[in-house]
J.: 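Before I ask anything, here is the structure I am working with.
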Amino acid sequence: MEISAEELRSVLNNVLKKHKDLKTEGFVLESCRSMIALMDTDGSGKINFEEFRHLWDKLKSWQKIFKHYDTDHSGTINSYEMRNAVKDAGFCLNKQLYDIITMRYADKNMNIDFDSFICCFVRLEGMFRAFHAFDKDGDGIIKLNVLEWLQLTMYA
Ligand SMILES: O=C(O)/C(S)=C/c1c[nH]c2cc(Br)ccc12
Ligand SMILES: [Ca+2]
């Protein structure tokens with residue numbers, strides 16, 4: 001039994017309906033396609049139960065972080081809180097990357113909603129995981145040709 005992006009969207013948005021404190025209209029299909037790409041370890045374009053369970057655990061952990069920082073229950077967190085949320089999730093970034101995240105995921109008021117928050121974390125998780133998969137000797141350096149680079153970054 002494998003789950004498509006459309007089916008994942010339906011499952012997760014039903015879960016979100018039970019979490020009134022996560023003020024969100026739910027995930028858009030594109031966000032679910034990114035989640036599938038992150039967890040689709042066998043390249044099937046869908047996620048099996050094992051892959052779904054891994055995604056579920058990530059979402060459970062990440063939504064706790066979001067709720068922790070959305071102290072006014074507005075359904076968004078600001079770019080400063082996002083930096084701390086990213087650190088709490090274990091992602092070690094630098095100032096340039098924090099600025100990139102704000103530019104890419106925040107609205108005009110520099111606030112980040114839950115869907116964007118999850119999309120950002122899915123992307124970070126996917127990129128770190130892909131890098132470490134290529135970094136066989138763990139020296140923090142990988143060598144890719146352009147097609148390998150595109151394979152790494154296009155399915156995300
Ligand atoms: O608060 C909880 O106990 C759980 S089980 C939360 C969640 C567990 N998986 C989730 C996925 C999304 Br999307 C939102 C919330 C959760
Ligand atoms: Ca799969």
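In this text the structure is predicted, and so the values were computed from the model without any measurement. For ligands, and for the atoms within them, numbers begin at 1 and follow the listed sequence.
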J.: Does a salt bridge link Arg83 with Asp99, judged by any charged N lying under 4.0 Å from a carboxylate O?
T.: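 Salt bridge present between Arg83 and Asp99.
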J.: Any chance CD of Glu25 has more than 12 other-residue heavy atoms, nucleotides or ligands included, within less than 6.0 Å?
T.: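 12 or below, so no.
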J.: For atom 13 (Br) of ligand 1, what is the nearest protein heavy atom, given as residue, atom name and distance?
T.: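 Among all protein heavy atoms, the one nearest atom 13 (Br) of ligand 1 is Phe27 CE1, 3.5 Å.
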J.: Give the atom numbers and elements of ligand 1 that come within less than 4.0 Å of a heavy atom of Leu59.
T.: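 Under 4.0 Å from Leu59, ligand 1 has these atoms: 11 (C).
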J.: Considering non-hydrogen atoms of the protein only, which is the closest contact for atom 16 (C) of ligand 1, and what is the distance?
T.: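 Residue, atom and distance for the closest contact: Gln63 CG, 3.8 Å.
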J.: Does a donor on one side chain sit under 3.5 Å from an acceptor on the other, for Asp57 and Ser61?
T.: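 Checked: Asp57/Ser61 side chains show no N/O donor-acceptor pair below 3.5 Å.
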J.: Is any NZ, NE, NH1 or NH2 atom of the basic residue among Lys46 and Asp40 found under 4.0 Å from an Asp or Glu carboxylate oxygen of the other?
T.: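 Judged by the 4.0 Å cut-off on N to carboxylate O distance, Lys46 and Asp40 do not form a salt bridge.
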J.: What residue and heavy atom of the protein are closest to atom 12 (C) of ligand 1, and at what distance?
T.: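 Checked against all protein heavy atoms, atom 12 (C) of ligand 1 sits closest to Val15 CG1, 4.0 Å.
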J.: Students should be able to answer this: which protein heavy-atom is nearest to atom 5 (S) of ligand 1, and at what distance?
T.: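 Ranking protein heavy atoms by distance from atom 5 (S) of ligand 1, first comes Lys60 CE, 3.8 Å.
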J.: Quick check on the hydrophobic clustering: are Phe27 and Leu29 connected, directly or via other members, by side-chain heavy-atom contacts under 4.5 Å?
T.: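 Result: no, two separate clusters.
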J.: Could you tell me the residue and atom name of the protein heavy atom closest to atom 4 (C) of ligand 1, and the distance to it rounded to 0.1 Å?
T.: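 Sorting protein heavy atoms by distance from atom 4 (C) of ligand 1 puts His19 CE1, 3.9 Å first.
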